[in-house]
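Keep in mind that the numbers below use all heavy atoms, side chains included, and drop hydrogens, waters and symmetry copies.
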Amino acid sequence: MTNDELCLECMSNLNLDEIDETKQTITSLVSQAESVIMNAVNNQVDLKDYLDDRLFVAAVEALTTQLFYDRTLENNLSLGVQMMIVQLQARYFNNSGGDNHGNAKNG
């Protein structure tokens, strides 16, 4: 999946019209959601690799929807998004750029 396809899918899920202002808003929210999830899971993994993962896409869609309705995340991340992040953390645990013993990669 591409980032553009993800944005269009989010717009469709939210039943939004494809007008420029809406596209800009959703594109921004998708980018924010991707950043939040990637930083919570493993920011050493490329976005293109994450976009091939249906669980990551589902988490981005869920967080984008949450951000659309509550930009401040006043009530924190939803339990569903938290659950998906935990699953993604387990899946991408060994892709940290370090070794399999918890040691960070040295410069």
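- Shown here for Leu77 and Gln82, the closest heavy-atom pair between the two residues is O-NE2, 2.6 Å.
- Here CG of Asn43 is found 13.5 Å from CD1 of Ile37. Values are rounded to the nearest 0.5 Å.
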Requested in this report: Could you walk me through whether Leu16 and Phe68 pass side-chain contact (heavy atoms from CB on, under 4.5 Å), step by step?
Outcome: CA-CA 11 Å; Leu16 300 172; Phe68 183 76; 3.9 Å; yes
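- No chain of hydrophobic side-chain contacts below 4.5 Å, direct or via other Ile, Leu, Val, Met, Phe, Trp or Tyr residues, connects Val86 to Leu73.
- Of the options Ile26, Thr65, Leu29, Leu63, a side chain to side chain contact (heavy atoms under 4.5 Å, CB included) to Cys10 is made by Ile26 and by none of the others.
- The nearest pair of heavy atoms linking Met38 to Asp46 is CE-C, 4.5 Å.
- For CG of Leu79, the number of neighbouring non-hydrogen atoms (other residues, nucleotides, ligands) closer than 6.0 Å is 12 at most.
- Leu14 places a side-chain heavy atom less than 4.5 Å from the side chain of Tyr69.
- Across every non-hydrogen atom of Gln89 and Ala40, the tightest pair is NE2-O, 2.8 Å.
- Nearest heavy-atom pair across Glu34 and Leu6 is OE2-CD2, 3.5 Å.
- For the side chain to side chain contact (heavy atoms under 4.5 Å, CB included) test with Phe56, the passing option among Val41, Ile85, Val45, Leu51 is Leu51; the others fail.
- Across all their heavy atoms, Ser78 and Gln66 have their closest contact at N-OE1, 3.1 Å.
- With sequence neighbours left out, the side chain to side chain contact (heavy atoms under 4.5 Å, CB included) criterion links Asp4 to Thr2.
- For residues 16-29, the side-chain hydrogen bond (donor to acceptor under 3.5 Å, both in side chains) pairs, not counting sequence neighbours, are Ser28-Gln32.
- The stretch residues 51-62 participates, sequence neighbours left out, in these side-chain hydrogen bond (donor to acceptor under 3.5 Å, both in side chains) pairs: Asp53-Arg91, Asp53-Tyr92.
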